[in-house]
Each structure stands twice: as C-alpha cells, then as structure tokens.
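Notes follow the structure.
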Amino acid sequence: MAGVGDLIGQSVWDSEGVWVGQVVDVRMARNRKANFGMQQQFTVSGLVVSHRRAPVMLGLTRDPDNRTSWLFKMAFRLLYTGSSLVSWDAVASTGNGEIMLRKPVKTLERV
C-alpha cells in the first residue's frame with residue numbers, strides 16, 4: 001500500500017472509468033487490537049475525494065481526539081461541498097498516481 005502522504009492528490013476513478021476527483025484528505029482509524037507498547041497502530045479507513053482543486057486540509061479539520069472546531073468545519077464545508085467519502089474497502093488498486101475503485105461514483109457517500 002502507498003503511504004498516506006502518497007495518497008494525497010492522486011486522481012480517483014470509479015469502476016466505470018468515470019473521474020471522481022482528487023484525494024484531499026485521508027481518514028485514519030486506530031487499530032485497537034494491535035497494541036505494541038507505547039506505539040499505536042493506525043490504518044486507512046477512507047479517503048475524502050473532491051472535484052475541486054482547493055488546498056488540501058491534511059487532517060486539519062480534526063484534533064487528535066477526533067474533535068472538530070467550528071471554524072474548520074465551516075472551511076471544510078465551503079471548500080469541499082459535494083465531495084465524496086470513499087471507504088478503504090471500495091479501493092481496488094493504487095499506483096501510478098491513480099486510485100481505482102470497485103464501485104461506481106453514484107454509490108459513494110457525500111460529505
């Protein structure tokens with residue numbers, strides 16, 4: 001799997017070859033089963049994909065406890081209205097700057 005930093009900015013295509021947008025944020029989930037001492041393990045749980053090529057948020061909408069300030073919520077809504085949330089399970093492949101999905105764009109969740 002590509003690193004989280006490598007996912008930001010990649011083009012996303014659905015299963016029918018339709019361009020969905022670019023990755024503007026990566027959603028992470030803490031792996032509660034893997035506890036190796038003080039080091040916590042995280043896995044990618046989803047991608048926020050936008051048609052707009054606005055500056056990426058890079059997780060700035062959330063603090064470490066997954067809480068959001070109202071200012072960042074408003075900025076996120078304004079910049080990325082109509083964006084899609086793609087669960088990591090829907091990703092078929094990553095590589096060469098592109099992400100291919102297993103499902104059509106019509107079935108994706110809107111942010």
What's the spacing between [X] [atom1] and [Y] [atom2] if we round to 0.5 Å?
X      : Y     : atom1 : atom2 : answer
Gln10  : Thr94 : CD    : OG1   : 6.5 Å
Phe42  : Arg27 : CZ    : CZ    : 14.5 Å
Lys103 : Glu16 : NZ    : CD    : 13.0 Å

Partner of Asp14 under side-chain contact (heavy atoms from CB on, under 4.5 Å), picked from Val86, Val49, Thr107, Val105, is Val105
In this structure, which one of Leu85, Ile8, Val24, Val91 forms a side-chain contact (heavy atoms from CB on, under 4.5 Å) with Leu47? Val91
Listed by chain and number, what are the side-chain contact (heavy atoms from CB on, under 4.5 Å) partners of Ser15, not counting sequence neighbours?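 For Ser15 the side-chain contact (heavy atoms from CB on, under 4.5 Å) partners, ignoring immediate neighbours, are Pro104.
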Residues in side-chain contact (heavy atoms from CB on, under 4.5 Å) with Ser87, at least two apart?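 If we apply the side-chain contact (heavy atoms from CB on, under 4.5 Å) test to Ser87, skipping adjacent residues, the hits are Asp89, Ala90.
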Any chance the side chains of Ser83 and Arg110 put a donor and an acceptor closer than 3.5 Å? no
Sub-3.5 Å donor-acceptor pair from the side chain of Ser11 to the main-chain atoms of Gln22, do we have one?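 Such a contact is absent between Ser11 side chain and Gln22 backbone.
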